[in-house]
There are 2 protein chains.
Amino acid sequence: MSSDVPGFELPLRLLLAFRTLIDELHAELSKQGHPDIRPMHGFVMQAIGPGGTTAVELGRTLGVSKQAAGKTIDTLERIGYVERTTDPGDTRRKIVRLTPYGLDALNRSARIFDTLRTRWATELGEDRLRALESDLRKVTPANPWRLDMPGWFGSL
Amino acid sequence: MSSDVPGFELPLRLLLAFRTLIDELHAELSKQGHPDIRPMHGFVMQAIGPGGTTAVELGRTLGVSKQAAGKTIDTLERIGYVERTTDPGDTRRKIVRLTPYGLDALNRSARIFDTLRTRWATELGEDRLRALESDLRKVTPANPWRLDMPGWFGSL
DNA sequence: CACGATAGACAACCTGGTTAACCATATGGA
DNA sequence: TCCATATGGTTAACCAGGTTGTCTATCGTG
């Protein structure tokens, strides 16, 4: 049957695995000149992308309200990771762009994640890791950016 | 190499997979008479266990402050999932115990998780799922209850 | 050109964290 | 035995990151 694993273990392990990666990422980022970055900031910056975005658009991408997106942008702006510039073609819009510092954090994050992935590949075997990735893709939504976590990234 | 997967995908998929399970759990719990339960409550109740605990102890188990644990207990008490009784042997301590309603939620959660696991086993194949579980165990801490997520279960 | 739709900001509120301070009770050593 | 210290719990003030509702400014179209 299916219950030799007490129901709670699988979800817990998934969460823990995520946490493990994120914790190590931030320990490393901290060493590499980004001590103030918070776990979700990396995801938000990834969602902003190199081309920039707006608060409304970011909210849609992340599945949170435009106000929540605006607050997050405020924070990111305050600590120097993004900047707001007004769109010359539409003065209502404010384009949010990564600063060089923000871009640096994003690039370092990607490299660190690659390193961590390599470590997992060593621990599990490349084949097993690929299988794991493939299986995770099968059981999760196609568009990974539609996080829809008002409260995951947040309350819970 | 390792970068045919853009670094961010693995952590994201782990989080999404967790989310997927939790969302379906709560959709189902809601149908089964537990509409007010929040995602973390199940984990907290699991951490409380059938024998009961105290605020300080629960805080230690979950890796949050005793005050935070106390607040969570307040909430759980308010919605009827736990009750506080004073310890006759030490009048400072207040034993937190699951109510029958709380126990019911916990039991149903376990059953629903089992059902979801079975669905994954169908989608992925039992062998693949076992491999996934085994691999997750390899890359996560031994004690899954030491969540240490002040801010995961929480801010981020 | 007026009106509806859109972008952004602001306010009030909620949840689940944090520290700090405090009170009551246990407990162990002089 | 008594007092100092440690421990359990509560309260208060704060923070981050969500929510909804309201408001203003601007865009774009009939």
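Throughout, a chain's letter reflects where its sequence line sits, starting with A, and its residues are numbered from 1.
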### D:dG21 phosphate, OP1 or OP2, under 4.0 Å from A:Ser65 side-chain N/O
no

### Closest listed nucleotide, where the reference is the side chain of A:Arg78 and the choices are D:dC14, D:dT19, D:dA16
D:dA16

### Task
Using side chain to side chain contact (heavy atoms under 4.5 Å, CB included) as the criterion, list what pairs up with A:Ala55, not counting sequence neighbours.
A:Ile73

### Query
Is A:Ala55 touching bases, backbone alone, or none of the nucleic acid, heavy atoms closer than 4.0 Å?
sugar-phosphate

### Basic-acidic side-chain contact under 4.0 Å: A:Arg84, A:Glu77
yes

## Note on the structure
Which of C:dG17, D:dC27, D:dT10 is nearest the side chain of B:Gln67? It is D:dT10

### Task
Look at B:Thr54 and D:dG9 and indicate whether a side-chain polar atom (N or O) is within less than 4.0 Å of OP1 or OP2.
yes

### Message
So, does B:Thr91 get its side chain near the phosphate of D:dG9, meaning an N or O under 4.0 Å from OP1 or OP2?
### Response
no

### Query
Is B:Arg93 near enough to C:dA24 that one of its side-chain N or O atoms lies under 4.0 angstrom from OP1 or OP2?
no

### Task
Would you please confirm or rule out a distance under 4.0 Å between OP1 or OP2 of C:dT19 and any side-chain N or O of B:Lys66?
no

### Query
C:dA7, D:dG17, C:dG16: which one has an atom nearest the side-chain heavy atoms of A:Arg60?
C:dA7

### N/O (side chain, A:Arg38) to phosphate O (OP1/OP2, C:dG17) under 4.0 Å
no

### Query
Using a cut-off of less than 4.0 Å, is there contact between a side-chain N or O of A:Thr75 and OP1 or OP2 of D:dA16?
no

